[in-house]
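Every number for a ligand or one of its atoms is a count from 1 in the order of the listing.
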Amino acid sequence: MYASALRKPIAYCRKDEIKMEKRYYQKEMETMPVEDIKKLQSEKLVKQVKHVYENVPYYKNLMDEKGVTPDDIKGIEDLHKLPFLSKADLRDAYPYGLLAKPLNECVRIHSTSGTTGRRVVAFYTQHDVDLWEDCCARAIVAAGGSNEDVLQVAYGYGLFTGGAGLHGGGHKVGCLTLPMSSGNTERQIQFMMDLNSTILCCTPSYAAYMGESLKEQGYTPDKIPLKAGIFGAEAWTNEMRHQIEETLGIKAYDIYGLTETSGPGVAFECEEQTGMHINEDHFLAEIIDPETGEVLPEGSKGELVFTALDKEAFPLLRYRTRDICVLSRKKCSCGRTLIKMAKPMGRSDDMLIIRGVNVFPSQIETVLLNEGYQPNYQIVIDRVNNNDTFDVLVEMNPEMFTDTVSGVTKQEKALANAMKIMLGINPNVKLVAPKSIARSEGKAVRVIDKRKLYD
Ligand code: DLL
């Protein structure tokens, strides 16, 4: 019998019959008493610091400069003694400088979008892939997933971690996993309806877009087989959550992660939907003051910093995420004892996330200079019908000035193409007259972000 035939067809599988059971993927870890979690973290940290010190000369140098040795780290109470790592370090050390295992023990690479200079390349041993997929499996089970589910993975596959992470988690849980990747909404809808997808994984903006498309095609929530969604990789508000939940007739769960720490699954939401549980047995979280680096007490708002406790190939210690966040140990009704992070409330650097892709204004500047333009530009981002719009206004050079419509359109297209190659997403380039973008007396206002992304 085909696997799909074992799952109940939609006619027999009404949403109100699907129980949201309180279940865990790795119960012992997810519900461990806090004191035991801290003990486990301490043991893992001591080992990890030794592993990094002995195998990553780049980090050994940072520790030596700070006068810290592995012997100084006896447990998590000593974490603050270790130096931070930042995206700039990852750039300096590109591509192999932070690798802690021989390449022949690595089985996978993932990477963030961006230029070579900005790119982050993360390495995984088989152990690291397993650990990462376990984290994603926890998220899927927390969203009510089991081997009865059809998991439609509409995150991008490839170097981006979204597709591979949820895909691996789906296998671990035993879901029938549909590796759709992103885009091609017609095909997404056809597979969803024909194969009765019950859990959708994609960015929240794509989920909202799919909801709109389903509505346009006349599908009311009761005709859509989905029961849950696992959405992340970009900021989204609770208002957007409610809208998606209504259109698709599902419960929408948040999931967080970054390439540097494996990918999605560093933290995930449970049914209480009051923040994401951090998989603390693998990732030790701190909140710091982004200006001074001082560690802040629980409940303070600051920059989120992660230490990977048992990743082998790319074990970043005290990695500054630049995400602004709050941690809380308030008891959760789901029974998990894992600390929670609030939805990220912004970033402490200039990175923008547009349609799920990380974009730095400096990348746009690089393209403009390469293409013979002056760096007089403005990025305008908005969210229309839950979809990010991405306009780049660029001043024409007087010597390039053309007043024929076809001439302008041709130049805009060429520039948009060059930006697409650099960024991986398509901007809408608008050429404007020389000196027409307002000059600022202080810092140039390069970005106008009209989206209301943070609650
Ligand atoms: O976005 C990994 C991921 C894939 C997470 C699929 C969730 C689902 P990067 O491309 O390296 O990795 O981008 C990491 O995205 O530092 C945050 O600023 C942002 N981010 C990720 N998840 C969320 C979320 C993936 N749930 C950067 N809410 C992070 C808000 C998020 N921002």
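Counting heavy atoms closer than 4.0 Å to ligand 1, residue N358 contributes side-chain atoms (C-beta onward) but none from N, CA, C or O. Only the side chain of P344 comes within contact range of ligand 1, with a heavy atom under 4.0 Å; no backbone atom does.
Geometrically, ligand 1 and Y155 share no nitrogen or oxygen pair separated by less than 3.5 Å. For ligand 1, one of its N or O atoms has an N or O atom of T259 under 3.5 Å away. Between D254 and ligand 1, at least one N/O pair is under 3.5 Å apart.
For ligand 1 and F160, the ligand atoms under 4.0 Å from any heavy atom of the residue are 1 (O), 4 (C), 10 (O), 25 (C). The T161 neighbourhood of ligand 1 comprises atoms 2 (C), with distances under 4.0 Å to a heavy atom of that residue. For ligand 1 and T112, the ligand atoms under 4.0 Å from any heavy atom of the residue are 11 (O). Ligand-side atoms of ligand 1 in range of A235: 30 (C), 32 (N), range being under 4.0 angstrom from any heavy atom.
Taking the ring centroids of F160 and H110, they lie at or beyond the 6.0 Å cut-off.
When T203, V120, L258 are checked for heavy-atom proximity to atom 12 (O) of ligand 1, L258 turns out nearest. The closest non-hydrogen atom to atom 21 (C) of ligand 1, taken over C325, A139, G257, comes from G257. The heavy atom nearest to atom 29 (C) of ligand 1, out of those in I255, I230, D323, is found in D323.
The side-chain hydrogen bond (donor to acceptor under 3.5 Å, both in side chains) pairs that include a residue from residues 172-182 are D130-K172, D134-K172, where partners are two or more places apart or lie in different chains.
Within the 4.0 Å heavy-atom shell around ligand 1 one finds E234.
A salt bridge (Lys or Arg N to Asp or Glu O under 4.0 Å) with E272 holds for exactly one of K330, K340, K251; it is K340.
Look at E286 and R318 and you find a salt bridge, because one of the NZ, NE, NH1 or NH2 atoms lies within 4.0 Å of a carboxylate O, short of that distance.
Aromatic ring orientation, Y157 versus H167: perpendicular (interplanar angle above 60°, classes split at 30° and 60°). Between F231 and W236, the angle of the ring planes goes over 60°, which puts this pair in the perpendicular group of the 30/60° scheme.
Residue C175 comes nearest to I140 through the heavy atom pair SG-CG2, 4.0 Å, listed as atom of the first residue, atom of the second, then distance.
Under the rule for a salt bridge (charged side-chain N to carboxylate O under 4.0 Å, His left out), the partners of K60 that lie at least two apart in sequence or sit in another chain are D64.
Separation of atoms CZ (F84) and CG (L316) is listed at 14.0 Å; rounding is to 0.5 Å.
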